[in-house]
Structures are given as structure tokens and as C-alpha cells.
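Okay, structure first, notes after.
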There are 2 protein chains.
Amino acid sequence: MVHKQAPPVRKLDDQGKILSNAARLFREKGFEKTSLKEIAEACNMLPGSLYYRYSTKETLLVELMRRGVGLVTAEVEMAYADSDDPVQQLRFCINAHLRALLVDPDTVYALLFEWRSLGPEAREEIVALRDQYESLWAEILAVMIEKGVIKKNVDSRLLRLIGFGALNWVATWFDPNGDHSLEAIGDFVWQIAIGGVITKGVQS
Amino acid sequence: MVHKQAPPVRKLDDQGKILSNAARLFREKGFEKTSLKEIAEACNMLPGSLYYRYSTKETLLVELMRRGVGLVTAEVEMAYADSDDPVQQLRFCINAHLRALLVDPDTVYALLFEWRSLGPEAREEIVALRDQYESLWAEILAVMIEKGVIKKNVDSRLLRLIGFGALNWVATWFDPNGDHSLEAIGDFVWQIAIGGVITKGVQS
DNA sequence: GTCTATATGTGGATAGAC
DNA sequence: GTCTATCCACATATAGAC
């Protein structure tokens, strides 16, 4: 077997550069207001060159979103497998979802807020992927309720939706240089999950 | 003093029709993908006619957002004044914020998700209004902590941001004909605030 | 106040040289 | 694989009649 001449020197640079620049611009200006010319300029290329990789602007967004879902899914699945104690598992999964917002914030931002720019077919694909991720959480929460980690009388769908809100919204205000670290945010959410915020005794 | 000849027969119909149609379309398709032609058609008008009321497309969005902030602010202020018991006040304010998402969902949706379509000057204005609303909540939460309703050790800024997330995200999935009524959602959030979701005894 | 007609700009996308 | 050049559609906005 012949030795490969050149070591696999990451070929992602081309595609990766386009995707990351696009993601950044989409986050800053929104998908619709970002022109292919701008994306190309950010990559030191010309508009026409982008079409060699992505036949339409929408394709670019779809690819971005696919990666976004893959990212959060991988983080949460790893976190779940990272402990045998269900309480720890839940806590780790919350932190994993939050971490995914940081690992590649621009990509996840597109996933959360640019789905209206997808045509019907593309939207169907992405929604299916998103539903898959949500069903992963549905399973996790079901297990937690079954194991008695989460109170039996809690509506798991509402918990998932409200919890997603609390976590996803972080993407709109989180500042890596700001007052609150991701860990602090995760701890805070966990404290609420454990005991709420209302003082005992004044509860009506 | 001369009697006014015609009674004030709601003159909002014209402007109101434009705004509500625009809000609905902005929510469905997004601001950038909605053309003035579509808005005009929805109002049984022609594109040129819209410019009599709004000199630019952005002006329309700004006016919409002004109303959105006014709406939620009014709801929460009324709710706060609706009781003397601080616990009830907090609960009412949460419900009021949620209710504002329903009263005029399209308008509030624009406020939450279309701010990137504003130019620098307009954005400054709307952000200032939004900050005003947030400071209203900051005050409410500060009072609640001071009065011992909310636990003393809770970071009020984090609570506000996480809470806004939980509530605002409802706008992305709420279905008036769906399983959960706004009241049920408010109760659910309140239950979490009171005691969290984790079973006592398994808390690590 | 609403219409017609149109100016003007821009963006996505294609064809084909290199 | 990237470039040049360009087509084409469409959107915002304007001017001016009615």
C-alpha cells in the first residue's frame, strides 16, 4: 500500500472559512441583509467563487444549521454519557446545551433565529433535525421523572419548552467578557431547578 | 367653544390596518422578506400609498416596536398596581408579561426578533425603550428581594435575564389552540419559581 | 390620500475564460 | 477552483396626476 504523499492537512479551511465568515455575518446583520458579496469579501474571494461550493445562498444556511444541530446534539449526548448518576447527568446536559451556545455561537445563533429564511423543503429538513434534538431531551426528562429526579407531577413538555427558553435566550445576551461565566449561568439555572427563587414561608 | 362637528370615529383604522397587517407579515416572513407591495396588498392599497403615512419601511417597523414596548410596559405596570401583596404582585407581573405576548402577538414578536433590521439611530431609540422596560423589572425584582419574597442570595440580573428567556421564548411556540393555556404556562413558571422541579432528597 | 408610472439601486445567480 | 462580466428580477422610494 503506497504511502499517501501529503498528510491530511485539514482541507476544511476552504469550506470552513466560508461557513464561519457567513455565520458571523448572519449573526451580525441577519441572513437577508448579508449579501454574497460581503461573505466573499470576508473570505478574500469574489461572489462568483462561492457558487462553486454552494449552489444557492440557502444551501449555505442549511449547511450551517446542520452543523449547529450536530454540535448541540453531540455535546448533550456526551454529557449524558459522562456520568451514571442521573442527577449529575441532568446537570451536565444543561451545561452542555449552554456550552454549545459558546463553542460556535454564530452557528447556533443561525440555527435559533434564521429558520424563517428557509424555503419549505429546507425548513422541513431542519425542523426534523431540531425535533430529533428535542426528542433527545424529551427522553432525558422522561428518564429523570421516572427515576424520581424530577418531580412526578411536572409536565415534561412544558418543562422542556420553558427550559429551552431560559437556555436559548442566553445566546441573545451572553458576553464572554461579561459579568457571568457560562458556568455561573449553569449553576444559577440549576439552583432554580433545585429550589426555585421564592423564599420559603412567603409562598402563598 | 364650538362643538366639534364629527365625533371621533376611530381614525386608527387606516394606520391600524397597516400596522397590524405589517406585523402579521413580518412575523410570518420576517421583515426583510416582506415587501411593501405585500403589505399594501394586504391593506387593499398600492405600494405608493403607504409612503403617505410612513416615509420609509423602517419607520413602519419602529412604530410597531414602539407600540410593542408600550403594550408590555402597560400590562406589567397595571399588574403591579393590581395588588398590595408583593407575592401576588410578582405573580401578576409574570402573567402580565406573558399576556402581552398574546394580546398582540405579531407586534411583540417584531419587538423581540426584528431589532437587527433597525438602522443605528432607530436601534438606539428602541433599545432605550427596551432598557426602560427592563429597568422596570429590575425595580420589581429589587423590591421583591428587599421584602424577602425572593431569596436574598439570588443574583437579580441573572434572574431577570433567565426569566425573560423562559417567558419570551413562549412567543416562539405558543399556540392559542394548543395544549397549554397562557394561564397554565404562568402557573407552571410560578411553580418552578416557588420550588423548582427537582425532587427533594435527591438534590446533590 | 390614493393612484400611475418610473427611477434607481442592489442582490442572487449564470456563462464561460483562465 | 477562482475570476470577469453580466443577466435578470425585484424592492425601495419618488414624482406628479387625480
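Just so it is clear: chains get the letters A, B, ... in the order the sequence lines come, proteins before strands, and each one is counted from 1. Since we're looking at a predicted model, the values are computed, not measured.
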Measure from [atom1] on [X] to [atom2] on [N] and round the result to the nearest Å.
{"X": "A:E32", "N": "C:dG11", "atom1": "CD", "atom2": "P", "value": "12 Å"}
{"X": "B:L46", "N": "C:dT2", "atom1": "CG", "atom2": "P", "value": "11 Å"}
{"X": "B:L50", "N": "C:dT2", "atom1": "CG", "atom2": "P", "value": "9 Å"}
{"X": "A:Y52", "N": "D:dC3", "atom1": "OH", "atom2": "C1'", "value": "14 Å"}
{"X": "B:K57", "N": "C:dT10", "atom1": "NZ", "atom2": "P", "value": "16 Å"}
{"X": "A:L36", "N": "C:dA13", "atom1": "CG", "atom2": "P", "value": "7 Å"}
{"X": "A:Y54", "N": "D:dT2", "atom1": "OH", "atom2": "C1'", "value": "16 Å"}
{"X": "B:L60", "N": "D:dT12", "atom1": "CG", "atom2": "P", "value": "11 Å"}

Answer yes or no on whether A:K57 is positioned over the face of A:F31, meaning its NZ or CZ is under 6.0 Å from the six-membered ring centre and within 45° of the axis.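 A:K57 over A:F31 ring: yes.
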
Over 12 non-hydrogen atoms of neighbours within 6.0 angstrom of CD in A:E28: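 It does: A:E28 CD has more than 12 such atoms within range.
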
So do the side chains of B:T107 and B:L71 get within less than 4.5 Å of each other, counting heavy atoms only?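 In short, these two side chains do not touch, never coming nearer than 4.5 Å.
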
Do B:R66 and B:V62 make a side-chain contact, defined as non-hydrogen atoms from C-beta onward lying under 4.5 Å apart?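 They are in side-chain contact.
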
Using a heavy-atom cut-off of under 4.0 Å over every strand shown, decide if B:S35 touches base, sugar-phosphate, or nothing.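 Answer is sugar-phosphate: B:S35 comes under 4.0 Å of backbone atoms only.
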
Given D:dC3, is OP1 or OP2 found less than 4.0 Å from the side-chain N or O atoms of A:S49?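 Indeed, a polar side-chain atom of A:S49 lies that close.
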
